[in-house]
Amino acid sequence: MSDDFIEDLSNRCSQLFSFNLSSFRHTFGSFLSGALVAAAWLIFIDGALVAAKFEDYRPMPWYLYLLGFVQTFVFFLINIANFDYFGGAKEDSLLLNDERQTKIVRVWLFIMSLIGVGVIVASVWLSIEHYKDEGNKIWPCFAVGIQNVLILISAFLFLVARKTEEDEESAPLM
């Protein structure tokens, strides 16, 4: 009886402490990606409030707000891509063959990556142009740049975190 108890306890402990690395990656990657987006927007809100609240800071223009929304939209557009088409693993499509689907997904991700990097470049350029004569009062400038970089990083982190095991067995990304 004590051997059965010890064996049962051992089985329960092994089930409790064993975890699937793939599900851990999905859970942790999704959580970290969401936390990065939330941190990015909080940093931006802090920069915008500093610019609006204190009199010695220049107010933030409307186009610096727009860049964060565009980058968040790019986050969603990057994650529309389906990794099932990356390696040609999907055979149930009636319209396109596997090779064409793979090319479309790769071109889509490339274009969205270009737009995301373009938004980062635009945010740095426009915020430096707006705050260049402010001396050491440039926290809103840094907040805009940090926000856009964090959102783009979280977009790719979420894209990689939601890959399935079937995707990992297919062809590599590039």
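All values derive from a computational prediction rather than experimental measurement.
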message = Tell me whether V149 shares a hydrophobic cluster with F76, the cluster being built from Ile, Leu, Val, Met, Phe, Trp, Tyr side chains joined at under 4.5 Å.
response = yes

task = Group every Ile, Leu, Val, Met, Phe, Trp and Tyr by side-chain heavy-atom contacts under 4.5 Å, then state whether L49 and V144 land in the same group.
result = no

key: side chain to side chain donor-acceptor pair (under 3.5 Å): pairs with one or both residues in residues 30-52, sequence neighbours excluded   = W41-T72, D46-W139

message = I want to check something: taking the side chain as every heavy atom from C-beta on, are H130 and C141 in contact at a cut-off of under 4.5 Å?
response = no

Residue pair Q71 / I120, side-chain heavy-atom distance below 4.5 Å = yes

ask   = Would you say the side chain of N148 lies within less than 4.5 Å of the side chain of L67, judging by non-hydrogen atoms?
value = yes

query = Which residues satisfy the side-chain contact (heavy atoms from CB on, under 4.5 Å) test with L66, sequence neighbours excluded?
reply = W62, V70

task = Name all pairs fulfilling the salt bridge (charged side-chain N to carboxylate O under 4.0 Å, His left out) condition that reach into residues 56-74, sequence neighbours left out, sorted by first residue then second.
result = D56-K137, R58-E134

key: Same cluster (ILVMFWY, side-chain, under 4.5 Å), F54 and I45   = no

Throw together a table of side-chain donor-acceptor distances under 3.5 angstrom for residues 108-119, partners on residues two or more places apart or in other chains.
unit_1: W108; atom_1: NE1; unit_2: L77; atom_2: O; d: 2.8
unit_1: S113; atom_1: OG; unit_2: L109; atom_2: O; d: 2.7

query = Can F69 be reached from I80 by stepping across I, L, V, M, F, W or Y side chains whose heavy atoms are under 4.5 Å apart?
reply = yes

For the student: nearest non-hydrogen atoms of I151 and F75, plus distance = O-CD1, 3.9 Å

request  = Only counting residues at least two apart or in another chain, list the ones meeting side-chain contact (heavy atoms from CB on, under 4.5 Å) with F31.
outcome  = none

Closest approach of P140 to A51 (non-hydrogen atoms, all atoms of both residues) = CG-CB, 3.7 Å

ask   = Quick check, are the ring centers of Y65 and F44 under 6.0 angstrom apart?
value = yes

request  = Looking only at non-hydrogen atoms, find the nearest pair between M60 and Y131 and report the distance.
outcome  = CA-OH, 3.5 Å

request  = Measure the spacing between CD1 of I146 and CG of L42 and express it to the nearest 0.5 Å.
outcome  = 12.5 Å

ask   = Between atom CG of N79 and atom CG of L157, what is the distance when rounded to the nearest 0.5 Å?
value = 9.5 Å

message = To check you understand the geometry: which heavy-atom pair defines the closest contact between S127 and L64, and what is its length?
response = N-CD2, 3.9 Å

note = Members sharing V124's hydrophobic cluster, built from side-chain contacts under 4.5 Å between Ile, Leu, Val, Met, Phe, Trp and Tyr, are I128

message = Atom CZ of residue position F142 - does it have more than 12 heavy atoms of other residues, nucleotides or ligands inside 6.0 Å?
response = no

OH (Y57) with more than 12 external heavy atoms under 6.0 Å = yes

